[in-house]
Amino acid sequence: MKFDWIPYLKKGWRRVDFWNFPIAAIFSLSFFLRFLDFFKTPSLDKLIVLLTLFVFFFLISLFFLQPVLEQLFQSQKVWLPVVIGAAVVVALLFWTLPYENVPFRTTHHLVVSVPSDSKGGVMVILMDPDGNVILGEEVQSNQESSGEEVYLQPGSSLEYGREMTGGVSVQLVAPEENTQVLLQWDQQELAATLGAGETETIAMDGASWGTPSRMVRYFMMGVFVIDGLACLLICLSLAGLLFLWRSRSAPSYRVHLPDLQKYLLDYLILNTFLVCVAVVETHFQFSVRAFNLVILAPGLGYLGLKLLYPYFRALPMMILSLAVGLNLLAQIPGVDIKLLNVQQLSQQTFNELAVLVNPSDSTLLSVGFYKQLKGAELILSPDSIYAEEDNQNRLIRINQLEAIYVEDYFGELSVSEREALLRDWDWLKWDKRVSGSYYFFNSRQAPDAPLVFFWRGDDVFLVPVEFIDDLGLPHDFILD
Amino acid sequence: MILFLIELYLLGFGIAVQFRDKLPDFLLSLLAVLLGFFAYFFNVLILTLFQVNINAGLIGILQGIEILGLLGFRLARSKQKPVKFGPSLFFYLASGGIFVVASWVFLNKAFIFASPDSLYMIIIAKGILETGFSQWYFASPLLWGMFVPILQTIGLLFGFEYTWFVQPVISLTFLVLFVYLTFRATYQISGRKWFSLVLSFLGAGLLLSANMYWVAQFYIHTNLNSGISLWLVMISLYFAVKEKNDAWLGIAGIFLVMFGMLRIENVIMASLLIVLVIASQKLSRQQVLATFLPYLLIQILWNIWVLIADPVAFSNLMNTTQLAMVTGALLALVLFLLLSGKRWVQEKLAPNLNAILLGGLLFLLVGLFIRDPYNMAQNTWDNLTTMFVSGKWLTTFWAVVVLLFLVRPKEKLVLQPVFNVLIVGFFSMIVILGAIKGGYHKYWYDSANRMYIHILPTMVTYLMLRISAFYSEKPAPRQTS
C-alpha cells in the first residue's frame with residue numbers, strides 16, 4: 001500500500017495539532033519514570049528511549065486523544081466545568097492516596113545495630129541494588145569484618161551510605177542465639193527478631209527519599225508535577241469520552257488524519273507490544289541491566305522504515321540483501337560472535353559422536369551402557385563423582401529401578417589393581433571425553449546383579465557384584 | 001549402501017510419477033528423494049508394528065516389490081494416456097544421480113552437528129532393529145515421533161553405527177525445492193522472471209546464512225525435517241488453490257503425515273492448519289477429506305498404538321492421559337471434517353473460525369499470564385531474546401518479521417489468512433507449551449529456539465509472496481467504497 005504521507009500531512013496539519021507535543025512530552029516522561037528503568041538507563045540511551053516514547057505517545061495523542069479533547073473543548077458550556085472538575089479530582093487523589101516515588105538516584109544511609117541486651121550477635125551481608133555483595137571494607141563498623149560479612153555483637157553497629165538508585169538488601173544470619181536487630185534506612189526504622197540459626201533477607205525501600213542532591217530534588221519535584229499533569233490529561237480524556245457517549249448534540253468522534261492513522265496502525269500495534277514487553281521486563285527484572293533501549297529502539301526503527309517505504313520502492317529488497325550480507329559477514333573468521341560449527345568426524349563411531357557431544361559424565365556413561373544401567377541397582381562410593389547429588393539425579397533418570405545406593409567402600413583402585421584388571425579380563429570399553437575410559441566387566445547384556453562403581457584416575461570400572469570375587473576386589477560393603 | 005540409496009530413490013520415483021500428469025517433472029524428480037525416505041519410514045514402521053525383524057535384505061526385497069508395483073500401476077493407468085518419454089525424464093536421472101553422488105560425498109565427508117538428543121535418537125534406532133518397539137531407554141514415542149529414529153536405521157542396516165549422511169541430503173533437496181517453488185509462486189504473481197529468481201535466491205540465502213539453519217542441515221534431530229514438511233504442506237496447498245490442481249493436495253497429504261510423525265507436538269500445528277484451511281473455504285469438502293483424513297486416521301491409529309503399548313522411558317513430553325486427550329481431540333476434528341460440507345458450517349461457522357481461533361489463543365495466553373505472570377513473562381522474554389539476539393539466527397528473524405509487517409501486497413494473496421493465523425498460532429503455541437512444560441526457552445539449544453525452524457521456511461516463502469505481490473506489474477484490483 002503506497003501512501004504519500006508528506007503531501008497528505010502538509011495538507012492536513014492544523015495549529016491545534018501542536019498541542020500533541022506537550023501532551024506527548026508529559027506522557028512519555030511520566031511513563032518512562034514510573035514504569036521503566038529511567039534511573040538505571042545510561043544518559044544517551046535515556047534520550048533515545050525518551051524519543052521513542054515521545055513519538056509513540058505523540059501519535060496516540062494525535063489519533064485517539066485529540067478527537068476526544070477537541071469535541072470536549074468545542075462545547076462552550078461543558079469544557080470549563082469539566083476541566084475544573086478534573087483538576088479537583090486529581091488534587092483529591094494526590095491528597096488522599098499515598099504518593100509512591102520511583103527509586104531515584106540519591107544518597108541512602110543505612111544503620112544496622114544489635115541492642116546491647118540482645119542474647120546473640122548477627123552476621124550481616126549487604127547487597128547493592130544490582131545484587132552485588134558490598135564488601136566489608138566499604139562498611140563503617142566498630143566490629144571487624146572480613147570479605148563479605150560483618151559480624152555484629154550485642155551493642156555494636158554498622159553504617160553504610162552512598163549515592164545509588166534503589167535500595168540495598170540486608171541478609172541477617174543469627175548463628176547461635178536469638179537475636180534482635182534494629183535497622184534504620186534513611187528515615188525509616190525497622191526491627192527484626194531472628195531465632196538461632198535463622199536467616200532473613202530484608203530489602204530496603206529503593207524509593208525512599210534519602211538525601212538527594214539539589215538538582216535531583218528539583219527534578220523529583222518536577223516528576224510530581226508531571227505525574228499530576230498526566231493524571232489530569234487522563235481524567236480529561238475519560239471525561240471527554242463520557243461526554244461523547246452521553247451527548248446527543250456533539251458531533252461524533254472523528255479521527256484527524258485517518259489515512260495516516262491507518263497507515264501507521266501496524267507501527268502502533270507493534271510498539272504497544274514492545275512497550276508492554278519493556279514494562280514487564282522492568283517489573284520482573286529478568287536482568288540486572290536496563291534493556292529499555294534494546295526493546296524500544298526497534299519500534300522507532302520500524303517507524304523510520306514506514307516513513308521511508310512510500311518513497312523508496314527498493315527498500316524491501318535492500319533489507320533482504322542487507323540481512324543476507326550481514327549474516328555472511330558474521331561468518332568471517334575473526335568476527336567473534338560465537339557461532340555454532342559443524343564438525344567433521346574421523347571414525348564415525350557412536351563413541352566418537354558421544355565424546356563430541358560432550359554431555360555430562362553420567363549422561364555419557366549412560367549412553368555407553370544404557371542397557372546395563374537401566375535395570376541394575378547401582379552402588380557408588382561416597383568419594384565417586386557419581387555420588388554427587390546432580391550426577392545421582394541424572395543416573396536416577398536413566399535407572400528405571402531408581403535404585404542408586406551410596407555405600408562406604410574404598411572405590412578407588414590402585415595403579416597395580418587397575419593394570420591387573422585390564423590385563424587379565426574381558427572388558428567392554430567406552431571412551432570418556434578427554435582422557436580415560438569406562439569399562440564394563442564381562443557382560444554385553446543387562447546384568448541381574450547390582451553394579452559397583454570403582455575408579456582409578458579418569459577410568460571408571462563397572463562391575464556386577466557377582467564378579468567381584470573373581471576379580472579379587474573386596475565386597476564386604478555390600479549389605480544383604 | 002549406495003545401491004540401497006538408489007533403490008530408495010527409485011521407490012520415491014515410483015510414488016512421484018503417479019502425479020506426472022499434473023505436476024512438472026522437475027518438481028517430482030526432487031520430491032522423489034523425500035518420498036523415498038518417507039516410503040522407507042513407512043515400511044519400517046509397519047514391519048516393526050507387526051514385529052517383523054528388519055534387515056537390509058528384507059527391506060530391499062520389499063522395496064523392490066513396491067517399486068515394481070508402483071511403476072506397474074502407473075503404466076496401467078497410462079494405457080489411456082501414453083507415457084511421454086520426453087526430455088523431462090532427464091530430470092529424474094539427474095536428480096537421482098545427484099542424490100547418489102551427494103549421499104556418497106556426505107557418507108565420506110562425515111559432517112555432523114549433534115546434541116544428547118541425537119544420541120538418544122540413535123539409541124532408539126538401535127532399539128528398533130534389536131527389539132522392535134518393545135524396549136525403550138532414554139526416549140519413546142511419548143517424546144518424539146519415529147521418523148528420524150527410523151531414518152537412523154538406514155546406516156545401521158549396513159553396519160554403520162549411526163546415519164550422518166541422510167540429513168544433509170534432505171536439506172540439499174529442500175533448498176533446491178525451495179528456490180524452485182518460491183520462484184514458481186512469485187513469478188505467477190509478479191510476472192517478472194529475473195526478479196522472481198533473485199527473490200527466491202535471496203530467500204534461500206536468508207535461510208542458509210542463519211547460523212542455526214546452517215547447522216540444522218547436519219543436525220541429527222527433528223527440527224529441520226519438521227520445517228521442511230510443514231513448508232511442503234503449505235506450499236502444496238497454496239498451489240492447489242492457486243492453480244486449481246488437485247495433484248498438489250496429494251503432495252500436501254503425504255507430507256502432512258510426515259510432519260505429524262516427526263514430533264509429538266506437531267499434531268497441534270497440523271490440526272490448526274486443517275482448521276484454517278477449512279475456514280478459508282478454498283477447498284471443497286471432498287478435497288478436504290481426501291487431503292486431511294488420511295493423516296488424521298494415521299495419527300489416531302498411531303496414538304492408539306502408543307496408548308496400548310504405554311512405553312516406559314526416561315524422558316517423556318506427554319503422559320498417556322494427555323495423549324488420550326489429544327487423540328480425543330483428533331477424533332473430534334475428524335467429525336468436524338465430515339461435517340465441513342454442511343450448510344451451517346459453511347455459512348455460520350467457517351467464516352468466523354479465524355476470529356474464534358485468534359480469540360481462543362488470546363484467551364489462553366491471557367489466562368496463563370494471570371495464572372503465573374512471572375513464568376509467562378519469562379517465557380516470552382526468553383523467546384524474544386533467542387529469536388532476535390542469542391538464538392544464533394543472526395539477522396534472519398529481524399528481516400523476516402520487519403518485512404512481514406512492512407510489505408503490503410497490492411492484492412490479497414491466496415490463503416493469506418491461513419499463513420497469518422498459522423504464524424501467529426505457531427508462536428503462541430511455543431509460549432503456551434513453555435508455560436505448561438517449563439524450562440523450554442532459555443538458551444539457543446533449547447527446544448523452543450530450535451522449533452523456530454519449523455515455521456521459518458513457511459514465513460520466508462510467505463514473505464517472498466508478499467514482496468512479489470508488492471512489486472507486481474499487474475494492476476491492483478479497484479477499491480470500492
Side-chain angles (χ1 to χ4, degrees), chain A residues 1-2 266-267 269-270 277 280-281 283-284 286-287 294-295 298 301-302 305-306 309 313 315-317 319-328 330-331 337-354 356-357 359-360 363-364 366-367 370-371 374 397-400, chain B residues 109-116 118-120 122-123 135 137-138 160-162 164 198-199 202-203 205-206 208-212 214-215 217-218 220 312-315 373-374 377-378 380-382 384 388-389 392 394-396 398-400 402-403 405-408 410 444 463 466-467 470-471:
Chain A
M1 170 179 151
K2 191 162 152 43
D266 57 339
Y267 157 73
I269 293 170
L270 178 69
V277 169
V280 167
E281 195 276 329
H283 175 72
F284 284 117
F286 297 132
S287 169
V294 170
I295 298 168
Y302 181 71
L305 290 175
K306 288 286 290 189
Y309 185 45
R313 205 170 135 78
L315 188 63
M317 299 301 283
I319 292 174
L320 263 181
S321 308
L322 183 66
V324 175
L326 286 173
N327 282 359
L328 291 174
Q331 319 286 339
I337 52 173
K338 296 194 178 72
L339 296 180
L340 304 172
N341 289 311
V342 174
Q343 305 290 331
Q344 189 172 13
L345 299 176
S346 54
Q347 296 164 8
Q348 297 100 46
T349 63
F350 186 48
N351 190 183
E352 185 193 21
L353 185 67
L356 174 78
V357 167
S360 66
T363 303
L364 191 65
S366 315
V367 161
Y370 56 93
K371 289 177 192 166
K374 179 185 169 187
R397 286 186 59 219
I398 286 139
N399 180 273
Q400 283 193 330
Chain B
K109 302 274 182 196
F111 291 109
I112 196 156
F113 188 84
S115 66
S118 313
L119 304 175
Y120 303 156
I122 295 166
I123 288 170
Q135 286 284 328
Y137 300 98
F138 296 94
F160 296 103
E161 295 198 19
Y162 60 98
W164 61 89
V198 166
L199 204 54
L202 274 177
L206 203 56
L208 207 52
S209 59
N211 185 222
M212 195 69 193
W214 175 260
V215 298
Q217 298 180 105
F218 305 90
I220 298 176
V312 178
F314 314 122
S315 304
Y374 183 82
Q378 176 88 71
T380 309
W381 176 249
D382 289 339
L384 291 171
F388 293 108
V389 181
K392 314 289 184 189
L394 300 175
T395 63
T396 295
W398 284 98
V400 171
V402 165
L403 288 174
F405 275 102
L406 190 67
V407 176
R408 297 299 171 88
K410 285 180 184 167
W444 66 262
L463 174 62
R466 286 171 77 93
I467 292 177
F470 171 70
Y471 286 109

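Any value given below was found using the heavy atoms of this structure, including those in side chains, with hydrogens, waters and symmetry copies removed. The chains referred to below are lettered A, B, ... by the order of the sequence lines, with proteins before strands, and numbering in each begins at 1.
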A:Phe284 and B:Tyr374 aromatic ring geometry - parallel, tilted or perpendicular at 30°/60° bounds: perpendicular

Is there a donor-acceptor pair under 3.5 Å between the side chain of [X] and the backbone N or O of [Y]?
X	Y	result
A:Gln343	B:Ala110	no
A:Asp266	B:Leu406	no
B:Tyr137	A:Ser366	no

Could you look at [X] and say if it's the side chain, the backbone, both or neither that has a heavy atom under 4.5 Å from chain A?
X	answer
B:Leu384	side chain
B:Tyr162	side chain
B:Val400	neither
B:Leu206	both
B:Lys392	side chain

At a 4.5 Å cut-off on heavy atoms, which part of [X] comes close to chain B: side chain, backbone, both, or neither?
X	result
A:Leu364	neither
A:Ile269	neither
A:Ser360	neither
A:Ser321	both
A:Ala354	both
A:Val324	both

What closest approach, in Å, do [X] and [Y] show between heavy atoms, and which atom pair accounts for it?
X	Y	answer
A:Arg313	B:Phe470	O-CE2, 3.9 Å
B:Glu161	A:Phe350	OE1-N, 2.8 Å
A:Pro359	B:Leu119	CG-CD1, 4.5 Å
A:Pro316	B:Leu403	CA-CD2, 3.7 Å
B:Ser209	A:Leu328	CB-CD2, 4.1 Å
B:Ala114	A:Leu353	CB-CD1, 3.7 Å

Run the numbers on A:Lys374 and B:Gln135 for side chain to side chain donor-acceptor pair (under 3.5 Å), then give the verdict. CA-CA 11 Å; A:Lys374 179 185 169 187; B:Gln135 286 284 328; 3.0 Å; yes

Using the test side chain to side chain contact (heavy atoms under 4.5 Å, CB included), find all partners of B:Val215 that sit at least two apart in sequence or belong to another chain. A:Leu340, A:Val342, B:Phe113, B:Asn211

Residue list, ring-ring contact (aromatic ring centres under 6.0 Å, His included) with B:Phe138, at least two apart or on another chain: B:Tyr120, B:Phe314

